[in-house]
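Below: one structure, written as structure tokens.
The structure presented is a predicted model; accordingly, all values stated were derived computationally and were not measured. Basis for what follows: all heavy atoms, side chains included, without hydrogens, waters or symmetry-related copies. Labels below follow one simple rule: chain letters A, B, ... track the order of the sequence lines, proteins then strands, and each chain is numbered from 1.
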Amino acid sequence: MASGTAVHQENFFTKYLFSQDHKMIAKQFLLTGMFMATIGMIMSVLFRIQLAWPGEGFAVLNFFLGDKWAPGGVLDPNMYLALGTIHGTIMVFFLLTAGLSGTFANLLIPLQIGARDMASGFMNMLSYWFFFISSVIMVASLFVESGPASAGWTVYPPLSALPQAIPGSGMGMTLWLVSMVFFIASSLIGGLNYIVTVINLRTKGMTMTRLPLTIWALFVTAILGLLSFPVLFSAALLLLFDRSFGTSFYLSDIYVAGEALEYSGGSPILYEHLFWFLGHPEVYIILLPALGLTSEIISNNSRKPIFGYRAMVGSILAIGFLSFIVWGHHMFVTGMDPFLGSVFTFTTLLIAIPSAVKVFNYITTLWKANIRFTPAMMFSIGMVSTFISGGLTGIILADAALDITVHDTYFVVAHFHIVMGFSAVNAMFAGVYHWYPKMFGRMMNLRLGYIHFWLTFIAGYGVFFPMHFLGLAGVPRRYYTNSEFPLFDGFVDMNVMMTVFAIVGSIAQFIFFFNFFYSMKRGPKAPQNPWKSNTLEWTTPVEHIHGNWPGALPEVHRWAYDYSKPGKEDDYVAQTVPLEDGETDGEH
Amino acid sequence: MSYLLLAIAVVVVFLIIQLIRVFELTGKLRNSDEYSIKEGPNRNRALGWALFGIGYFVFFIWLAVKYGPMMLPEAASAHGESIDLLFDINWVILITAFVITHIVLFYFVNVYYWRANRKADFITHNNKLELVWTVVPAIALAVIVIYGLRTWNEVTGDMTASDDAIKIELYAKQFDWTARYGGNDNNLGVANFNFINTSNPLGLINKSSIAIRLDELKAELNELEEDLTKAPKDGKKERAIKRKIQHRKDQVAAIYAMKRNIEVNGNGAYADDDKLVKLELHIPVNKPVNIQMRSQDVIHSALMPHFRAQMNCVPGMVTNFNFTPTITTEEMKKKTGNPDFEYILLCNKICGTAHYNMQMNIIVEPEEEYLAWYGEQKTFNDALMAAHPEYFEDNLADNQSK
Ligand code: HEM
Ligand SMILES: [Cu+2]
Ligand SMILES: [Cu+2]
């Protein structure tokens, strides 16, 4: 553990590159995540252009993809699939898993629990560097001769196992798997560290029931990751074996490219079970930190305690537990035994209850509040809306009988982009706007923040909301074009509309980038506690120091949500302020 | 193309204007108290949410009016109607929840915006309220679960129920579909991937296909043995050839095993009278069909939107879906007012380059028409005979000598 405030010699490498300081590592995760997300975002624009104007030539496509993958500016169908695959992988894993948890767990866990650093600074650094290597490999896979992985972000075998079936399953897929192995290692090392830190390094008075909800969410997220990523690891390893060493875990009875293959006795369904055993908890690994961040931001900007703190913690725990027993809802039409299907329908619908409780608690927090609409608060309110909109369609999908008609259609794409992608991105932006002063010691420009918010929020719904209608008409996802079916001809203009929204939304992100980098150097200096917040991170000096607090560690006397407490002069009471005689603490 | 350019142009201009404004603003920022919250702008942001809320609902309604008619095209199967009813129950519950929660959200935002002279109420929790909103969703979900599982049982219950159902195999491969009918006995013969060759793309088994395949494999083996004598010893090449030889031998053994299994153990039957049809799937109206699915290479999925039917086709296993079509193609043409209407089967699991165009038309017709069509189709044995007459003369000679 980093010890106290001792000043030691630092050079460029130990300060910026191989830093073991959690605040620097958080920034490294954020910047790497943003870089990867930019790639993923550009990819989405490229394939949306093809979907809106199938078969037309565009100079942009040729500019990014060259003559091989976009001859005459027309996207190659294999490259279309590759773009979708890598876009999904980057957004789910690199941005919303590593980027989100990596940034905010690193930044907030030590600062909000009153610790000098993570339990192991070295492992923390290792976690970042594994993530970095993983990112480099994933980016490198884009330049492979036969193309990057193309079997969808879920990489189901046999498609992902056989280069004869699709060119992207050659070298591109091998690199994808290697990248994921590093990624998983990074997540596990990071997660272990977060858990140990939360359990062991809470400062005096910081009982579990006084933890801010951010920490609860990040803590449970780390546990989910620790329990589920190893399963993805084995799934990836077995796939690697099938591909490279001729084992038959997932493959059997295959005739492809004019040849009967030797594989015998394996089952692709086994892979799906293993994948989704991770895959479903994974979606909550993305969502829970988002819920944690917004709980804090909404309470702070409502100047009001979060409503039902215990219910919030309880539902985080319930969601965490249930997320392990619902994975089968991704497999209703794989030939699964109908009774098993019923069980998964039931467990999946159970998850909707704690989710609903969270939504009601958010909304009730706003009731009789005193709401400041900072950019962070705008994004957080946006997240409440997207979480409702996307969560409700989950109830349709959970019903096995209904899922028959909409599985793998655009309805699913709408569902998960809104409930997971859009919600978590909203929350991540909220987090960046809110904690930017803590990370960089300066303030971001507010006006640009609002412009960024409205463009992003409207464009996001503009892209994803119409997809419900496509899906209900039976339009499958992962189609290079919808123009081969007269049945879908009525959706041509809808596809154009969604693409225009996607382009506007993407360009809006450059407003954010500008604001982000410009403010880092030229933004006004941040005050110590710009948002009048109760939590401990705002008691540290604005300039970062090793060990976080110059003197002794702060002592905690109350929960994090004493906003507008009667009898207090200010509308906030920091956690370090002792309770007065007869004053009750927490949810009473 | 023009749309895109227009959109990009508009956004770029907009961006430039905004960036210029930032530079103005940053000058202002350093000496202003921009970060101390002000009542006026804060109130406006609340109004922004109200406007957004209205816009969101309008967008929803506009989409529903414009595209709603294409959603869930008229159900053309018996269970399809139950599924649609279940959809309707769900829509009522979900859209109610959607509208109420959003209205309350935007309402609170518009009433409880910040004012300097007031404080928020210190409300930490309310057990009664929390109980209510745990129990109410639980009840709504109970309704959804009960109706949902009933429908699910109805849909999947079919699968075992129908002995009199017409058995049809849907065979998926990159990137097309083949339908196989069971012949006059409505019984699908045995198939195996080791039998696949150009004249037998589904790997069906009968006496002739066994003979053809064994000869092919023997010829390949001879060629490989010859290559082996030429290959340098202990090289990579030699090992590869040995491996291939072993694989061919395994295939031969597998073929004999299947033959014995059918002839001696009586497991399954030869596929002589099965009928193969590409590009079109014909089914009679109002009769249950039992669709069995197989795949040659990767996972595909047979999605038939009008029949509310979907099932994955997985290499190495057989999956099933049963349904009863209730409306003929002709009737549907009239109902939709579209003379070109066709029921379609799409591939709905990413399967490679041409995944987006792996389709087949489904033709639902009155039983007489179906039977007439069916009578015209060639059996597997006839098709094989046309491709390999030599094997059939041998067989004939065999039979005569007995
Ligand atoms: C009310 C709670 C929810 C329910 C009942 C639910 C249900 C479902 C179901 C049944 C599917 C499978 C659909 C199919 O493939 O046919 C699905 C897909 C998905 N859900 Fe949810 N969901 C809920 C909330 C969430 C949340 C909170 C997230 C993420 C934070 C999420 C992320 C996803 C993703 C990523 C997929 C699609 C994965 C893919 O096929 O590529 N869902 N959901
Ligand atoms: Cu799931
Ligand atoms: Cu396919």
Please state whether the side chain, the backbone, both or neither of A/Y450 comes within less than 4.5 Å of a heavy atom of chain B. side chain
What part of A/D562 gets within 4.5 angstrom of chain B, counting heavy atoms only: side chain, backbone, both, or neither? both
Please confirm whether the backbone N or O of A/P338 pairs with a side-chain atom of B/W152, one donor and one acceptor, at under 3.5 Å? yes
Side chain, backbone, both or neither: which part of A/M331 has a non-hydrogen atom closer than 4.5 Å to chain B? neither
Under 4.5 Å from any heavy atom of chain B - which part of A/D493: both
Side chain from CB out, backbone as N, CA, C, O: work out which of these in B/M317 comes under 4.5 Å of a heavy atom of chain A, or both, or neither. side chain
Quick one: are the ring centres of A/F307 and B/W133 less than 6.0 Å apart? yes
Contact origin within A/S302 toward chain B - heavy atom pairs under 4.5 Å: backbone
Specify which of B/D250, B/N194, B/N126, B/V111 makes the most heavy-atom pairs with chain A at under 4.5 Å. B/N126
So what's closer than 4.5 Å to chain B heavy atoms on A/L251: side chain, backbone, both or neither? neither
If one checks every heavy atom of A/T345 against chain B at 4.5 Å, the contacting part turns out to be side chain
Checking A/D76 against chain B: side chain, backbone, both or neither under 4.5 Å from a heavy atom? neither
Taking the six-membered ring for Trp, are A/Y461 and B/F59 closer than 6.0 Å centroid to centroid? no
Strictly below 4.0 Å, N to O, side chains only: are B/K349 and A/D408 in salt-bridge contact? yes
Relative to chain A, which of B/N42, B/N90, B/V145 shows the most heavy atom pairs under 4.5 Å? B/N42
Would you confirm whether the ring centroid of A/W367 sits within less than 6.0 angstrom of the ring centroid of B/Y107? no
Which residues pass the salt bridge (charged side-chain N to carboxylate O under 4.0 Å, His left out) test with A/E262, sequence neighbours left out? B/R243
Check each atom of A/Y156 against the heavy atoms of chain B and say whether the ones under 4.5 Å are side chain, backbone, both or neither. side chain
Over 12 foreign heavy atoms within 6.0 Å of NZ, B/K244: no
Let me confirm one number: the CG-CG distance from B/L141 to A/L349, rounded to the nearest 0.5 Å. 6.0 Å
Checking A/A151 against chain B: side chain, backbone, both or neither under 4.5 Å from a heavy atom? backbone
Do you see a donor-acceptor pair shorter than 3.5 Å between the side chains of B/N312 and A/T334? no
Who passes salt bridge (charged side-chain N to carboxylate O under 4.0 Å, His left out) against B/R248, sequence neighbours left out? B/E220
Do the side chain of A/N370 and the main chain of B/R118 share a donor and acceptor less than 3.5 angstrom apart? yes
Aromatic centroids of A/Y479 and B/Y356 separated by under 6.0 Å: no
Proximal component of A/P486, with respect to chain B [non-hydrogen, under 4.5 Å]: neither
Contact part of B/V314 toward chain A, heavy-atom cut-off under 4.5 Å: side chain, backbone, both or neither? side chain
Between B/Q174 (side chain) and A/I166 (backbone), is there a donor-acceptor pair under 3.5 Å? no
What part of A/P354 gets within 4.5 angstrom of chain B, counting heavy atoms only: side chain, backbone, both, or neither? neither
Side chain / backbone / both / neither for B/A140 at chain A, heavy atoms under 4.5 Å: neither
Where on A/M497 is there a heavy atom nearer than 4.5 Å to chain B: the side chain, the backbone, both, or neither? side chain
Are B/Y67 and A/F491 close enough that their ring centers fall under 6.0 Å? yes
B/K173, part contacting chain A, at a heavy-atom distance under 4.5 Å: neither
Of the backbone (N, CA, C, O) and the side chain (C-beta and beyond), which part of B/L303 lies under 4.5 Å from a heavy atom of chain A, both, or neither? side chain
Check whether the ring centres of B/F122 and A/Y563 lie less than 6.0 Å apart, and answer yes or no. no
Could you tell me the separation between the OG atom of A/S564 and the CG atom of B/D121, rounded to the nearest 0.5 Å? 8.5 Å
Short side-chain to backbone donor-acceptor contact, B/Q310 and A/I404, under 3.5 Å: yes
Between B/D297 (side chain only) and A/I254 (backbone N and O only), is there a donor and an acceptor less than 3.5 Å apart? no
Is it the side chain or the backbone of B/A142 that comes within 4.5 Å of chain A heavy atoms, both, or neither? neither
Distance-only, no hydrogens or angles: does the B/N348 side chain make a donor-acceptor pair with backbone N or O of A/H407 under 3.5 Å? yes
Please answer whether the main-chain N or O of A/G258 pairs with a side-chain N or O of B/N197 as donor and acceptor at a distance below 3.5 Å. no
Under 4.5 Å heavy-atom distance to chain B, tell me which part of A/I353 shows up: side chain, backbone, both or neither. both
Interface residue of largest heavy-atom contact number with chain A, from B/V136, B/T134, B/I95, under 4.5 Å: B/T134
